[in-house]
Structures are given as C-alpha cells and as structure tokens.
There are 2 protein chains.
Amino acid sequence: MDERLTGTVAAFRQIIATLRREKMAGGLSRAAGMPLDQPDVQVLVYLLDAGEPRRVGAIADGLQVAGPHVTRHVSALEGRGLLERVRDPEDGRAWQITLTSEGDKVAQQCVELTTAWFGAAMADWPEEDRDELLRLLTKLNTDVTEHIQRQRVN
Amino acid sequence: MDERLTGTVAAFRQIIATLRREKMAGGLSRAAGMPLDQPDVQVLVYLLDAGEPRRVGAIADGLQVAGPHVTRHVSALEGRGLLERVRDPEDGRAWQITLTSEGDKVAQQCVELTTAWFGAAMADWPEEDRDELLRLLTKLNTDVTEHIQRQRVN
DNA sequence: TATTGTTATACTCTATAACTATA
DNA sequence: TATAGTTATAGAGTATAACAATA
C-alpha cells in the first residue's frame with residue numbers, strides 16, 4: 001500500500017474537518033450584513049461563477065446536491081432580494097435564476113473574503129507552490145470525478 | 001486578488017462535494033460486513049492511527065468534533081464489539097478507548113479501501129506529482145490550522 | 001471548584017417521495 | 001409519459017446545555 005496516499009488522504013480529511021469547524025459562513029454573514037448559511041453562499045457563488053442565469057436543476061448539478069435542497073435556498077435568497085426567478089422563455093416548467101445587483105455584490109464579497117482568508121493562511125507560500133497546488137487539486141478533481149463515473153458504469 | 005487562489009479554493013470545494021456525495025461509508029460497511037457510518041469509521045481510523053488507547057476527549061480533539069458526538073459513536077462501536085472502554089488507571093473520571101482485534105481489523109480495512117479508492121482514481125499520476133500533493137496538502141493543513149489559531153488569539 | 005464524560009435536546013445540511021404544471 | 005420544479009418529510013452529522021462522578 002502506498003504510504004504517501006494514506007498520508008495524503010489523512011491530510012485532506014483533516015483540512016476538511018478544520019474548515020468545517022471554522023464555520024466560515026458566520027464571518028460572511030457579518031460582512032454581508034445579513035444571515036447567510038453555507039448553502040446560501042454556495043448558490044450565490046455558483047451563480048457568480050456561471051456569469052449568467054441558471055436553472056434550478058443546473059445549480060443542483062453544479063453543487064452536486066438534490067433539487068429540493070436548491071429550491072429551498074433559492075426561495076430564501078429570493079425573499080431577501082439577492083436573486084430573482086424568471087420563467088425560462090423556452091420551457092415553461094423551468095426558471096432562470098438570476099443574481100440581483102445586491103446578490104452579485106454579496107456573492108463577490110463571499111469569494112473575496114474566502115480567497116483573502118486562504119491568502120492569509122498561505123501568506124508565505126512561494127509562487128511555485130501556489131501554482132503546483134492549483135494544478136494538482138484541479139487534476140485531482142478531474143480524476144476523482146472520472147473515477148466515480150467509471151465506477152457507476154460498472 | 002490572486003486568481004490562482006480562487007481556482008484552488010473552487011477545486012477544493014468541488015472535491016469535497018464530490019466525495020461527500022460518494023458516501024464512501026456504504027462501501028466500507030459492505031466490506032466490513034456490518035453497518036458503519038462515517039463518524040464510526042473516523043473514530044476507528046483515529047484509534048488505529050494513534051496505535052494505542054485514547055481518551056474520549058483526545059478522540060474529540062483529534063477529529064475536531066464535540067465530546068458528546070464521540071461518546072455516542074464509542075458506545076455504538078463498543079456495543080458491536082469493535083472497541084472497549086477501560087477505566088484510565090490514572091484518572092477515575094476518564095476512559096481509555098481500546099480497539100478490539102475485530103475493531104483493529106475493520107479499521108485497517110477502512111484505511112485500505114479508502115487508499116485503494118484514491119489509488120485507482122490517481123492510477124496514472126507520476127511519482128513526482130504524488131510526492132508534491134502529499135507535501136502541499138500537509139503544508140496546507142499546517143498553515144490553515146495555524147492561521148485559525150492566530151485568529152483566535154486576536 | 002475544575003474537569004471527564006454522559007444524557008438530553010436541538011440545529012444544519014442534505015436526501016427521498018409524492019405532487020404540480022408544463023412538455 | 002417524461003421532465004422541471006416544489007412541498008413535505010426524514011435522515012445523517014454535529015453542537016450546546018445540563019448533569020454526574022471524580023479530581
């Protein structure tokens with residue numbers, strides 16, 4: 001068995017545990033001046049990254065969660081004026097979820113704060129290591145996703 | 001703002017989402033021939049890594065969860081014969097939690113299966129990249145933990 | 001009086017099932 | 001009849017508060 005892999009998995013697991021416990025959403029709520037839980041933030045940031053309106057189903061796929069979960073948070077965020085539901089002109093069953101300008105602002109704050117947080121944590125990282133981490137995590141993401149899909153087929 | 005960091009955070013978040021959805025514990029249960037939820041596995045693997053009996057409080061610290069959470073899973077695992085509670089000879093309030101030989105076996109299976117899973121996902125990774133991922137995640141783990149502690153002080 | 005662990009309770013995140021409206 | 005989304009309900013994981021026993 002590859003000792004390196006065991007160590008890598010352990011490190012990964014611990015980072016996840018640490019970040020979970022940190023409850024970043026509390027800080028984001030304070031910065032945004034309104035209550036935002038973690039799935040709220042994920043929906044907002046997903047839409048910001050997308051750069052254009054997206055369906056409820058697309059958000060669920062992107063975040064890898066079930067549809068009803070997205071529905072609930074979209075409804076809450078709509079109620080707070082951070083996004084809007086617009087009927088999809090090409091499919092009367094679907095909605096296009098759109099960030100309002102307020103929602104766009106809040107989403108950007110979330111990204112900036114999170115990035116700044118990691119930036120501070122990694123303040124003394126050399127350029128090469130930053131490049132490498134991005135490259136390797138991106139690759140890991142691809143390979144893990146592919147591996148799961150391969151397994152599904154079998 | 002560092003674009004690399006934004007990408008790194010995004011990749012990290014997506015890997016977490018993918019792994020969460022994969023519900024590894026189901027496969028581990030099947031392999032072990034008994035129901036094991038995710039916190040069960042974490043407790044077992046923590047004790048295996050420790051290599052010797054540990055207190056409930058130490059397990060909670062190590063997994064970064066609250067005490068009562070550990071108590072519940074320790075009780076369940078004890079009921080299934082995977083571990084034992086032995087009074088700490090030096091402190092009558094505390095328990096030393098010990099893996100039974102059965103528990104040790106199951107914990108090893110969990111580690112092996114998880115490692116094998118990642119090994120398959122990363123099958124075509126060159127040696128250097130494996131080394132680098134281990135090095136960078138270990139470093140990230142250290143730096144994130146330190147950053148949180150620095151913030152706590154302020 | 002402080003600490004270890006437990007019991008009881010509640011909260012957050014997410015899933016599944018049943019339903020509705022449209023295709 | 002299939003699909004997009006919603007409503008209602010349930011489950012997993014974890015936290016907080018109140019307590020017991022020992023230090």
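To find a chain, count down the sequence lines: A is the first, B the second, and so on, and within it residues start at 1. Keep in mind the model is a prediction, meaning the values are calculated, not measured.
Partners of B/Trp95 under the side chain to side chain contact (heavy atoms under 4.5 Å, CB included) rule, at least two apart in sequence or in another chain, are B/Arg85, B/Arg87, B/Ile97. A/Gln64 pairs by the side-chain hydrogen bond (donor to acceptor under 3.5 Å, both in side chains) definition with B/Thr18, not counting sequence neighbours. By the side-chain hydrogen bond (donor to acceptor under 3.5 Å, both in side chains) test, B/Glu146 is found to be paired with no residue, residues two or more places apart in sequence or in another chain being considered. Scanning for salt bridge (Lys or Arg N to Asp or Glu O under 4.0 Å) contacts around B/Glu3 gives an empty result, with sequence neighbours left out. Legend: residues meeting side-chain hydrogen bond (donor to acceptor under 3.5 Å, both in side chains) with B/Arg55, ordered by chain and number and at least two apart, are B/Asp88, B/Asp91. For B/Lys139, the salt bridge (Lys or Arg N to Asp or Glu O under 4.0 Å) partners are A/Asp129, not counting sequence neighbours.
A side-chain donor-acceptor contact under 3.5 Å links A/Arg130 to the backbone of A/Trp125. B/Arg150 places no side-chain N or O within 3.5 Å of a backbone atom of B/Thr145 that could act as its donor or acceptor partner. Between the side chain of A/Thr100 and the backbone N or O of A/Leu82 there is at least one donor-acceptor pair closer than 3.5 Å.
As a whole-Å value, the separation of B/Glu90 CD from C/dT4 C1' is 15 Å. Between the CZ atom of A/Arg20 and the P atom of C/dC13 there is a distance of 12 Å, rounded to whole Å. Rounded to whole Å, atom C1' of D/dT14 lies 16 Å from atom CD of A/Glu22. Regarding A/Arg21, its CZ atom lies at a distance of 17 Å from the P atom of D/dG13, rounded to whole Å.
Proximity of residues 33-62 of chain B to DNA chain D (heavy atom under 4.0 angstrom from any strand atom) is restricted to B/Asp37, B/Gln38, B/Pro39. For DNA chain D, the neighbouring residues in residues 69-82 of chain B, judged by any heavy atom under 4.0 Å, are B/His69, B/Arg72.
Side-chain contact between B/Leu133 and A/Glu132 is absent, with no heavy-atom pair separated by less than 4.5 Å. When side chains are defined from C-beta on, A/Val41 does not count as touching A/Tyr46, because their heavy atoms never get closer than 4.5 Å.
Inter-axis angle, ends of the helix from C/dT1-D/dA23 to C/dA23-D/dT1, five pairs per end, rounded to 10 degrees: 10°.
With DNA chain D read from its 5' end, the first of the two nearest nucleotides for A/Lys23 and A/Ala94 is the one closest to A/Ala94.
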Under 3.5 Å, side-chain donor or acceptor atoms of residues 30-40 of chain A against the rest of the protein: list the pairs with distances, not counting sequence neighbours.
{"unit_1": "A/Asp37", "atom_1": "OD1", "unit_2": "A/Asp40", "atom_2": "N", "d": "2.9"}
{"unit_1": "A/Gln38", "atom_1": "NE2", "unit_2": "A/Gln42", "atom_2": "OE1", "d": "2.8"}
{"unit_1": "A/Asp40", "atom_1": "OD1", "unit_2": "A/His73", "atom_2": "ND1", "d": "3.0"}
{"unit_1": "A/Asp40", "atom_1": "OD2", "unit_2": "A/Asp37", "atom_2": "N", "d": "3.2"}
{"unit_1": "A/Asp40", "atom_1": "OD2", "unit_2": "A/Arg80", "atom_2": "NH2", "d": "3.4"}

Side-chain polar contacts of residues 110-120 of chain A - donor-acceptor pairs under 3.5 angstrom, sequence neighbours left out - could you list them?
{"unit_1": "A/Thr114", "atom_1": "OG1", "unit_2": "A/Cys110", "atom_2": "O", "d": "2.8"}
{"unit_1": "A/Thr115", "atom_1": "OG1", "unit_2": "A/Val111", "atom_2": "O", "d": "2.7"}
{"unit_1": "A/Trp117", "atom_1": "NE1", "unit_2": "B/Gln151", "atom_2": "OE1", "d": "3.2"}

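The residue A/Ala66 sits close to a base: some heavy atom pair falls under 4.0 Å.
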| query | In the 5'-to-3' direction, what one-character label does each nucleotide of nucleotides 17-22 of chain C receive under the scheme B = base within less than 4.0 Å of a protein heavy atom, S = sugar-phosphate only, - = no such atom? | reply | B---BB

